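Okay, so here's the structure we're looking at.
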There are 2 protein chains.
Amino acid sequence: MRKIAILGSTGSIGTQTLEVAREQGDLEITALAAHSNIKLLEQQIREFKPRLAAVWDEKKAQELRTNVRDMNVRIVSGMEGLIEAATEEEAKTVVTAVVGMIGIRPTIAAIQSGKQIALANKETLVTAGHIIIDLAEKCGVSILPVDSEHSAVFQSLNGESRRRVEKILLTASGGPFRTWNKEQMRTVRPEDALKHPNWEMGRKITIDSATMVNKGLEVMEARWLFQVKPEQIQVVVHPQSVIHSMVQYEDGAIMAQLGVPDMKLPIQYALYYPDRRPMSGERLNFFQLGQMTFEEPDLERFQGLKLAFRAMKAGGSMPTVYNAANELAVQRFLEGKIAFMQIPEIIQACMEEHTTIQNPGVEQILEAEQEAYERIEGRW
Amino acid sequence: MRKIAILGSTGSIGTQTLEVAREQGDLEITALAAHSNIKLLEQQIREFKPRLAAVWDEKKAQELRTNVRDMNVRIVSGMEGLIEAATEEEAKTVVTAVVGMIGIRPTIAAIQSGKQIALANKETLVTAGHIIIDLAEKCGVSILPVDSEHSAVFQSLNGESRRRVEKILLTASGGPFRTWNKEQMRTVRPEDALKHPNWEMGRKITIDSATMVNKGLEVMEARWLFQVKPEQIQVVVHPQSVIHSMVQYEDGAIMAQLGVPDMKLPIQYALYYPDRRPMSGERLNFFQLGQMTFEEPDLERFQGLKLAFRAMKAGGSMPTVYNAANELAVQRFLEGKIAFMQIPEIIQACMEEHTTIQNPGVEQILEAEQEAYERIEGRW
C-alpha cells in the first residue's frame, strides 16, 4: 500500500484524490486535513480511516471530535494540526491541495520530513518557489505537479534531458471572455465569470481563469518547477483544452500531453509516477473533436496575465503581492463590490506601491501578503 | 566521433543524413552505399571521406573507381558490396535508407554485426519484421526509426513503460486527394499525385502518400517496431502534418510529438538518441498555425489503406505481396500505363491470389515478392 496524506481533502482536488484512491484500491490514507467542512471530512474519515485528521478551526475540530469518537482517529487543529498532518510519520507522499498561502509552512515541513510532494497548492511555488525548490533538492524530495498544465509539462519531460529544454508552452483555454471585447468585459457579472468552458473547479480558481490570472500563477509556478528563465515560458490560448501543455526542445521537437479534461489524470500520475495506472473513463476522440485552435493571448484585455510576467521578472516578494492582491480583489468581485476589470487594476496598484524584497524568507513573504491585504482593505 | 555508415546515401534520407553530419560536425562517415548516382556519390566521398563506398551496379562501380583513384576509398559493388558497407567494422550505427526489399539482407547483416540500426527502409520491417525484431533482441541491438511518424511514436514512448501503451495514433496528411471524390480520383494524372501538401520526398513515396499505401506500410512497420496488436494502431488524418504521431496510454493520457515537417529531426534524433542535439531551423508557431484538424481516413476512397490492415492481420508473407504489388503498380502508374485507382485494385488482386505462408524466412519472402511481380507482368 502506498501511504498518502491529503491536505485540503474536502476541496476539488482533495475529493478527486480520494476518488483515485477508491478506484485504485492500493492507496492508504494516513492523514486528512480540511478547512471547515467537517460533515464531508467525517464521511471521508469513516470511509478511508486515517489515523489523523486536521481541521483549521478549533471549534469545528471539537465538534468533529465528538462526532467521530467511535473512530480510531486523532483530531487536531490550526496551523499546528495542519503541519502534523503534513508530517504524519507513515505517509510517503503528501498531496498539498489547500488553497492559499496557508500551504507554505506545511509544505516546507513535509519536505523536511522527506515526504514526496504532490503539489496542487499554487501559492507555495508562486510566493516561495526559491525556498521550496532549494529545500526539496537539499532533502532529496520530488515535487510532482498536480495540475493539468504542469503535469502535462512534467509528462513531456519524461525521459528527456532538462538542459535541452528550449521553451515551455503552457496552454490556456482563454476562459469565458476570450472573445469578448473590452466594452463587454466591463459588464461582466460574477455569474458570467463562474462559467468555465472546459473545467469544473472552485469559485476562486474559476474567476482566476476568467481573468487569466490563473495562467499567470501557473507561469510563475512553471518557472520554479521546471527551472527555466521567465522568457522560456510562453502561453498559448487553446480554447478546446485538449493539449494540456507542451515542451519545446533545442532540436525543435515539441512534446505534448493531450487528453480529455479530467483532473484525476494528473492526480493519479503524481501518486504513481513513474508508473501509469490504468484509468477508466472517456478517451479523446480526434474524429469527434475535429479541430484544435490556437491564439496569442491578448495581454491588453487580460492585464492580469501581463502583470504576472512583470511580477515574475521582478521576482522576490513581488509574486506574493500579485497573488495576495488578486485574492482579495476576487473576493471583492464575488461580493459585488468591484467590477471585473478592476481585478487587474487592483493587482497593478498594489504591485506599483510595493518595493520588491529579493530572496525573502517565509516571514517576509507573509508580511508582503499582509501589506497587500492592508492596501486593499478600506480602499476597495 | 560517432561513426556511421549510410546505405542509400544519394537518396532523400541519405543526403539529409549527410546534412545533419555537416551541421553537427562530430559524425564520422565510415561507409556510403548508393544505387547508381555516382556523380553525387563522388562528391560525398570527397567531402566525407569514407573508407568504403558501395555502388549497386558493377559497371558504375568501375567508373567511380577510376574517378576517385586519388582518394583513399575502396569501391565495392552488388549485394556483396552493400553488405560490406552495412557491416563496415568501425561504424556503430547503420542508416538503412535504401529503397525496396533490397534492404533486408544488409539490415540483417548489420544487426548480426551488432550495429545500431537507424531504420529508414520501410520494406525491411513490413516484409521481414518478425525476423528483424527477434534478431535485434537476440543481438542486443536497438532499432531507431528514421521516419517522422515512427520517430514521433518513439519520442512519445520516451521514459514510459511499453506495457502501459493502449493505442498508437499514426497521423496522416491524407495526401493531395483527401478532399477529392471517387469520380475525381479516377482522373488523377501522375503530375497531380506528385504534389504532396507538406513533405518533399522521392517519387515512389509521394505516390504512396497519395494512395495512402504509405500510411498502410507505416502501420505495418509500427506493429513490429512497437510490438503492438494490429487493433492497437489507428490512423488519424491530420492535413497540417504538425502532430507527427501519438501514443495513448492506459490512463487515457496521450503523448505526442509535434513540429514543422523536417526529416532532419528524426534523422538526428535517431543518430544521437537518447540525447537531443540543438538544431537550427524554423520552430512551430502556434499563432501562425491557428488550427489543426482531424478526420477519419476514408477507407472507401483509400482502399490501399484498408488493404494494409487486411495484409497486416493476415500476416506472414501477405505484407510482402501487398508491398511488391504496390511497387510495380506505382511504376506502371508513373509510366502512364494504368489509372491511379488501379493501384489498390492490383494490390487486392495479388493479395487475393496469394496463399499466406506464416513465419516466412528471407528466401520465402523474396519468393513471395517475385510471385507478385510475375502476377503483374504481362497483365497490367
Side-chain angles (χ1 to χ4, degrees), chain A residues 151-152 155-161 163-167 169 171 234 236-238 240 242-244 246 248-260 262 264-266 268-269 272-297, chain B residues 151-152 155-161 163-167 169 171 234 236-238 240 242-244 246 248-260 262 264-266 268-269 272-297:
Chain A
S151 177
Q155 291 176 59
S156 299
L157 286 165
N158 214 350
E160 302 281 353
S161 161
R163 77 197 162 97
R164 295 300 186 196
V165 172
E166 193 166 79
K167 201 158 84 174
L169 296 141
T171 53
Q234 185 173 35
V236 177
V237 174
H238 164 44
Q240 298 79 23
V242 161
I243 298 184
H244 296 321
M246 308 179 257
Q248 180 175 304
Y249 291 93
E250 286 183 354
D251 58 0
I254 294 172
M255 299 306 299
Q257 189 256 317
L258 297 78
V260 292
D262 185 348
K264 278 191 295 180
L265 174 68
Q268 183 173 297
Y269 189 79
Y272 289 96
Y273 173 82
D275 193 12
R276 288 184 187 273
R277 284 298 179 87
M279 195 164 104
S280 57
E282 209 192 329
R283 297 299 188 247
L284 188 59
N285 182 326
F286 284 90
F287 308 140
Q288 269 175 24
L289 175 69
Q291 68 163 3
M292 295 182 201
T293 61
F294 306 94
E295 298 165 18
E296 200 162 356
Chain B
S151 177
Q155 291 177 58
S156 300
L157 286 165
N158 214 348
E160 303 280 354
S161 161
R163 77 197 162 97
R164 295 300 187 196
V165 172
E166 194 166 81
K167 201 158 83 174
L169 296 142
T171 53
Q234 184 172 32
V236 176
V237 173
H238 163 45
Q240 297 78 23
V242 161
I243 299 184
H244 296 322
M246 307 179 258
Q248 180 175 304
Y249 292 92
E250 286 182 353
D251 59 0
I254 294 171
M255 299 306 300
Q257 189 256 317
L258 298 79
V260 292
D262 184 348
K264 278 191 294 180
L265 174 67
Q268 183 172 296
Y269 190 78
Y272 289 96
Y273 173 82
D275 193 12
R276 288 184 186 274
R277 284 299 180 86
M279 195 164 105
S280 57
E282 209 192 329
R283 296 300 187 247
L284 187 59
N285 183 327
F286 284 89
F287 308 140
Q288 268 175 25
L289 174 69
Q291 68 162 4
M292 295 182 199
T293 60
F294 306 95
E295 298 164 20
E296 201 161 355

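This structure is a prediction, so every number in the text was calculated from the model and none was measured. All chains are named by letter (A, B, ...) in the order of the sequence lines, taking the proteins before the strands, and each is independently numbered beginning at 1.
There is no contact between Q288(B) and chain A, counting heavy-atom distances below 4.5 Å. In this structure, the portions of S156(A) lying under 4.5 Å from any heavy atom of chain B include both its backbone and its side chain. Contact annotation for L157(A): neither backbone nor side-chain heavy atoms come within less than 4.5 Å of a heavy atom of chain B. Proximity to chain A (any heavy atom under 4.5 Å) is restricted, for Y269(B), to the side chain, taken from C-beta onward. For chain B, the nearby part of Q248(A) is the side chain; its heavy atoms alone come within less than 4.5 Å.
With respect to chain A, the highest number of heavy-atom pairs below 4.5 Å among P274(B), A256(B), A152(B), G281(B) belongs to A256(B). With chain A as partner, the option from L265(B), I254(B), I243(B) having the largest number of non-hydrogen pairs under 4.5 angstrom is I254(B). Of all the listed residues (G252(A), S280(A), G290(A)), the one sharing the greatest number of non-hydrogen pairs under 4.5 Å with chain B is G290(A). Between chain A and the residues Q155(B), E160(B), Q268(B), the most heavy-atom pairs under 4.5 angstrom are made by E160(B). Taking M246(A), K264(A), E282(A) one by one and counting their heavy-atom pairs under 4.5 Å with chain B, the maximum is reached by M246(A). Ranked by heavy-atom pairs under 4.5 Å with chain A, the first of L284(B), T293(B), L169(B), L289(B) is T293(B).
Taken from NE2 in H238(B) to CE in M292(A), the straight-line distance is 7.5 Å, to the nearest 0.5 Å.
Looking only at side-chain heavy atoms (C-beta outward), R283(A) and E166(B) come within less than 4.5 Å of each other. Counting heavy atoms from C-beta outward, Q234(A) and F287(B) have side chains that approach closer than 4.5 Å. Considering only heavy atoms from C-beta on, R164(A) comes within 4.5 Å of D275(B) through its side chain.
Taking both residues in full, the closest heavy atoms of F294(A) and F286(B) are given as CB-O, 3.4 Å, listed atom of the first, atom of the second, then distance. When every heavy atom of A253(A) is checked against every heavy atom of Q257(B), the shortest pair comes out as CB-NE2, 3.7 Å.
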